[in-house]
Amino acid sequence: MKKQIFDDIKERITRLVAERRLREAFSLTRSLAEGAMRWEVSDRVARAEENYRYMLEYAARGADDPGRDRMADELGATVLEVVDLLERDNRVLDETSLYYSTFRFERTRPDETPAALIESYTRAAGDASPLAMASQSLGEAGRRERRSVLEAMERRLFVRLWVTHPLSGADAQAAREALSSPVLPSYFGELLIGALLLGSLEFYDSAKLELIMEAYAANPASRRGAAALVAMLIVMHRWRARRLSDKVANRLAALRELPLWESDLHTAYMELARTRDTERLTAKMRDEVMPTMLRLRPDLEKKLGKTPLKEFDLESAEENPEWEELFEKSGLADKMREISEITMEGGDIMMSTFGSMKSHPFFSDIANWFVPFHADRSEFAGPGAKFAGFLEPMPFLNDSDKYSVALSLAQMPREQASMMMGQLEQHGDQMAAAQAEALNAGSADRRNMINKQVQNLYRFFNLFRRKGEFFNPFAAGVSLVEIPAIAADVSDSSTLGVVGEFYFRHKYFAEALAAFRVLESAGETSDALYQKMGHALQRLGDTDEALRMFEHADMLNPGSAWTLRRLARGYLAAGRPREALAALDRLEALEPDKAANALLRGHCHLQLEEYDEAVRALFKADYLDPESGKALRPLAWGLLMRCELEQSRKYYERLIASRDPLPADYLNLGHLSLAERRFREAMNFYKLNITARRDPAKPGTSGDSAAAQEAVEAFIADMRSDTTALLRIGVDPKLLPLIIDSILYELG
């Protein structure tokens, strides 16, 4: 069956299950199974439907059944599980993605189950342990060979576990034992969690989610616990519309009893939220910071004299006023201060540096993105082992970036590599010192641990060479408040307040609004909350709802000038100038003689066609703030509508001379010239209006016939809409068709 047809049927079945219309869902699912000739699946659907019919029959008798809802949910979950299996079978036939290519290969080796591979790996890990290799007096070549064999087995096991769906009881038990094994390498558990996560993002499997949750519960404070926590939250967000099985729900209830659960959830929510800002930070580093530094290079070298630029430390700029002045004038100082603040908050500024360092063949293998960094990798044998050992404990680099650095250093001349290591060491010391100054070092360490796990995953989903074939959980953000099973755990004001503030401060208004709405529904109300909700809604284009929020804020704090200003602007934008003026009257009492308020008042009166009041307010605005020129355009129009043509022309000419004129300015000057019976001048201004409507930024638009026609049509529409205004200033409307045709003749 074609993928699009199957997807449409699956979407319909999913909707039917959500609406509890199971009879239709069973019918469609059975048709899919029979069409694919999956008779064992069809039998499973038939058995589930039979149970459903028994339940309906029992309900029809009026019998009380407290487990009815749970049973209906379980039957719906069965339908979705079956559809997932059928979808996988349908797509494996011809889909070329890495997942399905790997799945097709693994189907040719049915005996190499995850359980069998884990058993083989456990034996090999024992042979490759330092003690075993020491007892056998293996040389460096022998140790490297054993490590290579072990790494190959890790990669093999990773892909098998990744594409195995659903996980059988034997496979789940083998993975459970491996995750808790004290004899397997410490990093191995994290690798398994990565495979479970990646497989779970393709298809929901409660057995995999249970394993991830168990891994967190076993040792929450460890690196493995942090990896499991992040994986669990991402999987739960991916499948937030799915019902959790009783076993998973019970496991989640047990997690809530853990001492670290609340703080870990708060920390993970914040770190997942930060990923929304990574793209902006990467762009800032790439497009602003680095170009500015390159642009300053010649000036720096002049001021540094004989000091080589590579030996120059940015902090030493404070010792020389000329250097400091150079940084301040260029804007680099502000950018560096912002980057420093972002770094201390946990922002991922390294993405811009290491994003381009993932071309090494090491990163072509999917498993290598999920294996924690450890210095005894076969790639680091010889001199590279020293560099890798130095990198391993560095807290400010995530695993993926450590591999990037180590693999790059291994290819560098020794002198250059040593210099780079020295710079990294200095940066590491600075970060360690900053963390040591923190009030709660333990909390900072835990945050860093979770932060690095999030960054590891962010790197894979955004930098892997075949990233487009994977569901990217970070593309739309991972909002924990959207997960029904844990929404209550993160809906407290301390958690949502911090997350919402982060989104709001960095201008992710949709996410901020979602967080603020949950706070409001939980009873958290304040004028500041409603102000922020209103601002977010305004920036998202929902003026009416924004006004409602500002009105709430005004009720709670009637003395806020900020709220009154937003109310006035909102009412004006919504075409409610009378209400805007009422808000401005109150604002005037708080902020008398403010240019912005006078300007708003002028716009209100213009909208009401109260031109005398409008001109008075706009004269005041121009007097209070002549430099901005914001009052020129509305003032010129107000004077024109009062038939003060000479004064209006003076302001329009001042506007065109000192500002970038808009097409409307030429249109209004044409109207003014018509009122003064300067017909040739009016036609020239109208032609300028048509020319100005063409976008000069788009190549070829000046000669584009479609763009030219569009500009003419827009001009004609504006002329017709201004008929009443033209009549007001004494222009006979009968002239307009004649003028338009004359202009069209001249334009050809």
Short question: side chain of Tyr269, backbone of Thr495 - any donor-acceptor pair under 3.5 Å? no
To the nearest 0.5 Å, what is the distance between CG on Asp277 and CZ on Phe502? 4.5 Å
Would Arg256 and Asp489 count as a salt bridge (Lys or Arg N to Asp or Glu O under 4.0 Å) if you check the C-alpha gap in whole Å, the side-chain angles of each, and the deciding distance to 0.1 Å? CA-CA 9 Å; Arg256 290 194 175 97; Asp489 297 75; 2.8 Å; yes
Ignoring hydrogens and angles, tell me if any N or O in the side chain of Arg224 forms a donor-acceptor pair with the backbone of Ser186 under 3.5 Å. yes
State which residues pass side chain to side chain contact (heavy atoms under 4.5 Å, CB included) with Ser148; sequence neighbours excluded, sorted by chain then number. Arg144, Ser378
Using the test side chain to side chain contact (heavy atoms under 4.5 Å, CB included), find all partners of Arg238 that sit at least two apart in sequence or belong to another chain. Leu201, Phe471
Hey, mind stepping through Tyr403 and Phe380 against side chain to side chain contact (heavy atoms under 4.5 Å, CB included) and telling me if it holds? CA-CA 10 Å; Tyr403 278 119; Phe380 308 142; 3.7 Å; yes
Would you tell me whether Lys452 and Asn448 have side-chain atoms, one donor and one acceptor, within less than 3.5 Å of each other? yes
Can you find a heavy atom in the side chain of Arg223 that is under 4.5 Å from one in the side chain of Pro372? yes
Shortest non-hydrogen contact from Gly189 toward Leu179: O-CD2, 3.5 Å
Is a side-chain N or O of Arg146 found less than 3.5 angstrom from the main chain of Asp127, in a donor-acceptor match? yes
Do other residues, nucleotides or ligands put more than 12 heavy atoms under 6.0 Å from Glu145 CD? no
Is there a side-chain contact between Phe460 and Lys467 in this structure, where contact means two heavy atoms from C-beta onward sitting under 4.5 Å apart? no
Kindly say whether Ile118 contributes a backbone atom to a donor-acceptor pair with the side chain of Thr122 at under 3.5 angstrom? yes
Side chain to side chain contact (heavy atoms under 4.5 Å, CB included) for Met449 and Asp445? Distances and angles first, verdict last. CA-CA 6 Å; Met449 194 180 292; Asp445 289 344; 5.9 Å; no
Test: Arg109 cationic atom under 6.0 Å from Phe105 six-membered ring centre, within 45° of axis: no
Taking all non-hydrogen atoms of both residues, which atom of Arg377 and which atom of His374 are closest, and how far apart? CG-O, 3.1 Å
Write down the atom of Ile450, the atom of Ala268, and the distance for their closest heavy-atom approach. CG2-CA, 3.9 Å
Stepwise side chain to side chain contact (heavy atoms under 4.5 Å, CB included) check, Tyr99 with Phe203: CA-CA 11 Å; Tyr99 179 87; Phe203 295 100; 3.9 Å; yes
Is the closest side-chain donor-acceptor distance between Glu271 and Gln453 under 3.5 Å? no
Find out whether Phe474 and Thr278 are in side-chain contact, i.e. whether some heavy atom of one side chain is under 4.5 Å from a heavy atom of the other. no
At their closest point, which heavy atom of Ala228 faces which heavy atom of Ile193, and how far apart are they? CB-CD1, 3.9 Å
Given side chains that start at C-beta, do those of Ile366 and Leu198 come closer than 4.5 Å, heavy atoms only? yes
Considering non-hydrogen atoms only, spot the tightest contact between Met357 and Ser408 and give its length. CE-OG, 3.1 Å
Less than 4.5 Å apart, any side-chain heavy atom of Trp369 and any of Phe363? yes
For Arg251, all residues meeting side chain to side chain contact (heavy atoms under 4.5 Å, CB included), sequence neighbours excluded: Met213, Glu214, Ala217
Check the surroundings of atom CD in Glu262: do more than 12 heavy atoms from other residues, nucleotides or ligands lie under 6.0 Å from it? no
Distance check, rounded to the nearest 0.5 Å: Met270 atom CE versus Arg447 atom CZ? 9.0 Å
Between CZ on residue Phe461 and CD1 on residue Ile234, distance to nearest 0.5 Å: 6.5 Å
Quick one, Asn398 and Phe373 - any side-chain contact, counting heavy atoms below 4.5 Å? no
Hey, could you give me the CG/CZ distance between Asn456 and Phe370, rounded to the nearest 0.5 Å? 9.0 Å
Worked verdict on Arg446 versus Thr267 for side chain to side chain contact (heavy atoms under 4.5 Å, CB included): CA-CA 8 Å; Arg446 184 61 177 165; Thr267 302; 5.5 Å; no
Just by distance, no angles: are the side chains of Tyr216 and Asp264 close enough, under 3.5 Å, to form a donor-acceptor pair? yes
Cationic N near anionic O, under 4.0 Å, Asp365 to Arg465: no
Rounded distance [0.5 Å steps], CG in Leu252 versus CE in Met232: 7.0 Å
Residue pairs passing the side-chain hydrogen bond (donor to acceptor under 3.5 Å, both in side chains) test where at least one lies in residues 200-209, sequence neighbours excluded: none
Modelled atom types, side-chain donor and acceptor of Tyr458 and Arg274, under 3.5 Å: no
Leu265 side chain near Leu233 side chain, heavy-atom distance below 4.5 Å: yes
Acceptor/donor pairs from residues 161-171 side chains to any protein atom, 3.5 angstrom cut, sequence neighbours excluded:
{"from": "Thr164", "atom 1": "OG1", "to": "Arg160", "atom 2": "O", "distance (Å)": "2.5"}
{"from": "Ser168", "atom 1": "OG", "to": "Asp171", "atom 2": "N", "distance (Å)": "3.1"}
{"from": "Ser168", "atom 1": "OG", "to": "Asp171", "atom 2": "OD2", "distance (Å)": "3.1"}
{"from": "Asp171", "atom 1": "OD1", "to": "Ala115", "atom 2": "N", "distance (Å)": "3.1"}

With a 3.5 Å distance limit and no angle check, can you tell me whether Arg459 reaches the backbone of Asp401 through a side-chain donor-acceptor pair? no
Taking all atoms of both residues into account, what is the closest heavy-atom pair of Ala125 and Leu184, and its distance? CB-CD2, 3.8 Å
Between Glu119 and Arg123, does any NZ, NE, NH1 or NH2 come within less than 4.0 Å of an OD or OE carboxylate oxygen? yes
Drop me the distance from Leu397's CG to Glu392's CD, to the nearest 0.5 angstrom. 12.5 Å
For a 4.5 angstrom cut-off between non-hydrogen side-chain atoms, does His360 reach Ser404? no
What residues form a side chain to side chain contact (heavy atoms under 4.5 Å, CB included) with Ala254, not counting sequence neighbours? none
